[in-house]
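Dropping the structure in here first, questions after.
Source: prediction; values computed, not measured. Nothing fancy with the numbering, it's 1 onward along the sequence.
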Amino acid sequence: MQPFQRAHIDTVVQLAAQGADAPAAQAHDEVIRQSWLRCVRQHSLDPTRMQEAVILPSARLREHQDQLEAFLHIARHGLESLYQQVAGMGYVVLLTDARGITVDFLGDLQPADHLHRAGLTLGADWSEPRAGTCGVGTCISTGQALTVHLDDHFDATHIPLTCTTAPVFDATGRLNAVLDISAMSAPQAKASQHLALQMVKLFAHQIENADFLHRFRSEWILRLAPAPQFLDVNPDYLLAIDAQGRVIGHNRRAQLLWESDGRRPLLGRAYEQVLDAPFAELGRFVQARPSDQRAVMLAGR
């Protein structure tokens, strides 16, 4: 065990004994400290026990992949586009399911055995109960995009890693997957990953929207954005509406907007309750599409 690993373990042990306000842990964000507490109190993980990454056998991995087969086909282009942005910078791109199992992977800058030992490979289990505080697991636990950088990790085994993740939700608001870029080495300052975080959030949003548009390709879809110039190419908010004018699907940004302040769920709400406009006038905003998809374009002012 290296001295920096021993020092990290001592910090986590102090937090486990004293709570999130433990002096030694104050250099870490609140979301990290709360995750450390979950690891000890809910997941019964031992911070003094360093464990290698858990990699599922190929048969079990295939079971997880099969459950997301259609989604993985849609998401693959997003992963490839993201990897093109970070290729040559030491990152790998991971996509996990909602349980934290890596179901897709891109990255070839490191030897395969190094990546495998680090858990940066297909079949790796990055759930918080299994791996402790980490990008994927803590994203699943909180529903937030975040960076878990170096000694933010619970398990001292993972201290060399920096992991930046964003959740991908389905059209009903349930977590569908987690998008992650990780590197086996990084500058000490966590702020060095700020651009990586913004990039992962952007691509997670694009994958989420692509999956939404495929799922509701035969339904009425409302695309909404503050700026009309970006409405068609990058809508912020997506709503699927049935023939009776009820919301039958939404992307995550739409859910957060219309369900804020404790308002009732967006699914099932009438069009008039969402946009304060008569459903009968919806046809005025319809734009012809090259496919059979029916789209309604609405821009804010």
Side-chain angles (χ1 to χ4, degrees), residues 12 20 28-45 47 51 53-56 60-61 63-68 71-72 75 78-79 82 91-105 118-150 152-155 157-158 161-183 190 193 196-208 211-212 251-253 255-256 259:
V12 179
H28 298 272
D29 298 334
E30 174 71 11
V31 67
I32 299 300
R33 288 181 279 135
Q34 290 299 327
S35 175
W36 287 358
L37 285 178
R38 282 195 303 275
C39 290
V40 174
R41 297 176 179 178
Q42 297 181 26
H43 310 322
S44 300
L45 297 180
Q51 301 186 79
V54 175
I55 313 295
L56 298 188
R60 288 191 58 199
L61 166 62
E63 293 175 0
H64 286 262
Q65 292 173 323
D66 287 346
Q67 294 175 13
L68 289 175
F71 172 77
L72 289 178
L79 267 67
L82 175 56
Y91 290 102
V92 298
V93 177
L94 308 175
L95 186 74
T96 80
D97 63 14
R99 287 174 283 183
I101 306 301
T102 305
V103 290
D104 204 351
F105 165 87
L120 303 181
T121 187
L122 282 171
D125 186 343
W126 285 107
S127 62
E128 197 175 72
R130 178 73 72 172
T133 304
C134 58
V136 169
T138 305
C139 177
I140 292 172
S141 293
T142 64
Q144 301 177 19
L146 78 162
T147 295
V148 176
H149 187 65
L150 305 182
D152 283 340
H153 288 87
F154 178 86
D155 193 319
T157 305
H158 305 314
L161 300 178
T162 183
C163 306
T164 297
T165 61
V168 181
F169 292 88
D170 70 12
T172 66
R174 292 177 297 189
L175 182 69
N176 198 27
V178 174
L179 181 63
D180 172 278
I181 62 172
S182 293
K190 188 172 183 175
Q193 303 306 304
L197 180 60
Q198 303 311 312
M199 188 177 302
V200 172
K201 289 165 65 176
L202 173 62
F203 278 90
H205 174 66
Q206 292 178 353
I207 292 171
E208 186 178 289
D211 183 54
F212 179 98
N251 68 353
R252 180 61 170 174
R253 291 186 183 179
Q255 181 183 21
L256 293 176
E259 292 184 7

Point to revise | Heavy-atom closest pair, residues A177 and F71 | key: CB-CE2, 3.7 Å
**Study point:** Taking every non-hydrogen atom, the tightest pair across L61 and L56
**Key:** N-CB, 4.4 Å
Review point. Between R252 and E208, is there a side-chain N and carboxylate O pair less than 4.0 Å apart?
Key: no
Practice item. Under the side chain to side chain contact (heavy atoms under 4.5 Å, CB included) rule, what do H205 and N251 come out as? Steps first, then yes or no, please. Key: CA-CA 9 Å; H205 174 66; N251 68 353; 3.8 Å; yes
Practice item. Can you measure from CD (Q198) to OG1 (T164) and round to the nearest 0.5 angstrom? Key: 10.0 Å
Review point. Do T162 and T147 have side-chain heavy atoms sitting under 4.5 Å apart?
Key: yes
Point to revise | Flag, side chain of W126 to backbone of G119, donor-acceptor distance under 3.5 Å | key: yes
**Study point:** Salt bridge present between E63 and R60 (N-O < 4.0 angstrom)
**Key:** no
Study note, to complete from the structure: Rounded to the nearest 0.5 Å, the CG atom of L202 sits from the CG atom of L197 at a distance of 11.5 Å
Point to revise | Gap between atom CG of D104 and atom NE2 of H64 - 0.5 Å precision | key: 15.0 Å
**Study point:** Nearest heavy atoms of G78 and F203, plus distance in Å
**Key:** O-CD2, 3.6 Å
Check your understanding: Is the count of non-hydrogen atoms from other residues, nucleotides or ligands lying under 6.0 Å from R130 atom CZ greater than 12?
Key -> no
**Study point:** Shortest non-hydrogen contact from P167 toward A204
**Key:** O-CB, 3.8 Å
Review point. Can you check whether L179 reaches V93 side chain to side chain, under 4.5 Å on heavy atoms?
Key: yes
Exercise for review: Report yes if some heavy atom in the side chain of F154 is under 4.5 Å from a heavy atom in the side chain of C134; otherwise report no.
Suggested key: no
Review point. What are the two closest non-hydrogen atoms of C163 and D180, and how far apart are they?
Key: CB-OD2, 3.6 Å
Exercise for review: Using salt bridge (Lys or Arg N to Asp or Glu O under 4.0 Å) as the criterion, list what pairs up with D211, not counting sequence neighbours.
Suggested key: none
Review point. Should R38 and T138 count as side-chain neighbours, where that means a heavy-atom distance under 4.5 Å?
Key: yes
**Study point:** From CA spacing to verdict: side chain to side chain contact (heavy atoms under 4.5 Å, CB included), H153, L161
**Key:** CA-CA 8 Å; H153 288 87; L161 300 178; 4.0 Å; yes
Practice item. Over all heavy atoms of both residues, which pair between V200 and I181 is shortest? Give the atoms and the distance, please. Key: CG2-CG1, 3.6 Å
Review point. Between T133 and H28, does a side chain to side chain contact (heavy atoms under 4.5 Å, CB included) hold up when you go through it step by step?
Key: CA-CA 12 Å; T133 304; H28 298 272; over 6 Å; no
Study note, to complete from the structure: CG (L122) and CD1 (I101) are apart, to the nearest 0.5 Å, by 11.5 Å
Exercise for review: Output yes when a side-chain donor or acceptor of D29 lies under 3.5 Å from a complementary backbone atom of V31, and no otherwise.
Suggested key: no
Practice item. Answer yes if the side chains of E128 and S141 hold a donor-acceptor pair under 3.5 Å, and no otherwise. Key: yes
Study note, to complete from the structure: Rounding to 0.5 Å, atoms CG (D152) and NZ (K190) come to a distance of 4.0 Å
Exercise for review: Walk me through it: do L68 and N176 pass the test side chain to side chain contact (heavy atoms under 4.5 Å, CB included)?
Suggested key: CA-CA 9 Å; L68 289 175; N176 198 27; 3.7 Å; yes
